[in-house]
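Whatever order the structure lists them in is the order used to number ligands and atoms, beginning at 1. This is a predicted model, so every value here is computed, not measured.
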Amino acid sequence: MGGMKNRLLIAWTFLVALASPVVSGAADRPNILYIMSDDHAAHAISAYGSRVNQTPNIDRLAKGGVRFDNCFAVNSICSPSRATILTGKYSHLNGVPTFNRFDGSQPTVAKYLQAAGYYTGMIGKWHLGSDPTGFDKWTILPGQGVYFDPQFIDADGRRVIKGYVTDIITDLALDFLKNRPKDRPFFLMCHHKAPHRSWEPDEKHRAMFAGKHIPEPATLRDDYVTRTDAIRECRQKVFDDLTRNDLKLVPPADLKGQARNQWLNVKPTEVEVAVDGKQQKLTREALNAWKYQRYMQDYLACVQSVDDNVGRLLDWLDQNGLSKNTVVIYTSDQGFFLGDHGLYDKRFMYEVSIRMPFLVRWPDATKPGTVQEAMAINPDFAPTFMDLAGLPVPADMQGRSLVPLLKGEHPADWRTSWYYRYYHDPGDHNTRAHYGVRTATHKLIYFWKKDQWEMYDLVKDPDELHNLYNDPAQKAVVARLKAELYRLKKEVKDDDQFAYTQPP
Ligand SMILES: [Ca+2]
């Protein structure tokens, strides 16, 4: 039924596009340049008040447009976020709860825009297991891709391109823009691999952060008192779980093959490094502090290359008279722990993991330098692109267009809560599966395989250090949040489809 409706809608929009040159022209419908990095936390962007770095180019979008302060991923890992962004649907409806293959025959926003006359492109990290569909041109990294001399796949096959991945993805995005048909609006998804683990910067940006002291977050030495088992059991801790490879320690020259890999995968409890020109053995607290610095120096150097390359795209739009009629978005597929709660990676429903940076510059509509506090979620992206293209939002998309928020409007019926669900358990980091609800003031999390709960007051405790679930004074709040959680679970049609078995 839904499929039939979608096919009719595509046919209809396609006919409209063919029949009326006014609608299909490039002049009246905005171009959409969607730049998404991988694992770039909002608190590593200076427009979001970063304490650890400066991102002058990404900041140009905040200065010229809207900064969303409450934009969230509904399942905070790579592939699920990407599938949600393309479909406007939660993982349990688009079929990608973990790292499984995306069924490219289902409707996506790229297909709708392409049918409506947009010239569509997908460049960079795709990570959905199947070839992209709905794109006039696509060039993607296989799987996670690599940082140096990466292989790319396009409709013609595979090839290696020499150089650094963030620069190359931008080169390919610029090629797409330069060679596009000028009589059609474009929709380009430019997806960076950086700053994903294993955080390998290019030489220029590595040098900018080598030896630089990065301030530690307040919760780096979180003792997890009041929390459930999940955070203690997870294996994504800066002090305990970074490997020699993550820390860029150099293996002995005589180690080869499997032995070399084994050496690199060790999580070291002591290291010998040069400090102020002298070899020193680091253990315990000194080693912990050093691990945080090594992690962040590389992560931030990868971010800096992304920032430079965002600048290249913005400059090109300026130089080619396209800035005015192009909606430019910068985001990341989810947030990331930068030592917050002692962690790296994402997955948990805690704030810095679920919060996506979301900056939008649209000169026709956005007021420069504005901040939007309303809660947005990644299922909103596809409906937003539909709306920008002047297309109706398909009824089976679960998000809502952000266009009114971009225009500075405050819809009275905007959401006041939203639903989250993470499945990849034990996954790569022994992270427990959970679902939950977040409101403007509170968060309730349920680790369903353990039958354990956490509840946070985000106003009094923005760092989520005090689990109030068992506090007798909070009984009524917990009851209200539980009712809202189950209402939302039903509303988004989550029938526990993937609760215990995920697709291969
Ligand atoms: Ca990611």
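Within 6.0 Å of the CZ atom in R221, the count of heavy atoms belonging to other residues, nucleotides or ligands exceeds 12.
The atom of D38 nearest to the Ca ion (ligand 1) is OD1, with the search restricted to N, O or S atoms. Nearest N/O/S atom of D39 relative to the Ca ion (ligand 1): this is OD1.
Separation of the F381 and F358 ring centroids falls under the 6.0 Å cut-off.
With respect to R60 and D315, a salt bridge is recorded, a charged nitrogen being found less than 4.0 Å from a carboxylate O. Residues R432 and D425 are paired through a salt bridge, judged by an N-O separation under 4.0 Å between the basic side chain and the carboxylate.
Geometry at the Ca ion (ligand 1): OD1/D333 and SG/C78 form an angle of 140°, nearest 10 degrees.
At a cut-off of 3.0 Å, H196 is not counted among the residues with an N, O or S atom near the Ca ion (ligand 1). Distance check for Q334 against the Ca ion (ligand 1): an N/O/S atom falls below 3.0 Å.
Between S81 and N378 the shortest heavy-atom distance is OG-ND2, 3.1 Å.
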